[in-house]
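This report concerns only the one structure given below.
We count residues from 1, following the sequence as given.
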Amino acid sequence: MLVLLLCLSVLTLWSTSSGRTEDCGCYGGLLIIPPRYSILLNLVYILFLELAWLHPVEAHHTQIWHLVVS
């Protein structure tokens with residue numbers, strides 16, 4: 001996931017700097033996000049991934065979810 005976010009950030013930088021597109025096309029066009037905000041969002045997502053990887057939740061309490069799903 002980390003590599004994908006980095007690749008998409010590079011693709012956004014390349015496509016907007018070369019003039020091939022004006023925005024990132026993120027979220028299916030539902031939100032118009034300028035490229036700099038798209039890259040900032042990707043950096044925030046990378047930060048969240050790092051935090052989740054370095055500090056995993058030990059007790060998931062999945063028994064309640066088993067009751068809800070079944």
- Do Leu5 and Tyr37 share a hydrophobic cluster, counting only Ile, Leu, Val, Met, Phe, Trp and Tyr and linking them when any side-chain heavy atoms are less than 4.5 Å apart? yes
- Query: Do Leu6 and Leu4 belong to the same hydrophobic cluster, where Ile, Leu, Val, Met, Phe, Trp and Tyr are linked whenever their side-chain heavy atoms lie under 4.5 Å apart, directly or via other members?
  - Reply: yes
- Looking at Ile33, Thr16, Leu13, which one forms a side-chain contact (heavy atoms from CB on, under 4.5 Å) with Ile39? Leu13
- Item | Spacing of OG belonging to Ser38 relative to CG belonging to Leu31, to within rounding of 0.5 Å | 11.0 Å
- Item | Closest heavy-atom pair and its distance - Pro35, Thr12 | CB-CG2, 4.1 Å
- Message: Going by side-chain contact (heavy atoms from CB on, under 4.5 Å), name the residues that satisfy it together with Ser18, two or more places apart in sequence or in a different chain.
- Response: Trp14, Arg20
Taking only distance into account, with no hydrogens and no angle test, what donor-acceptor pairs under 3.5 Å do side-chain atoms of residues 40-56 form with protein atoms, sequence neighbours excluded?
| from | atom 1 | to | atom 2 | distance (Å) |
| --- | --- | --- | --- | --- |
| Asn42 | ND2 | Ser9 | OG | 2.8 |
| Tyr45 | OH | Tyr27 | OH | 2.7 |

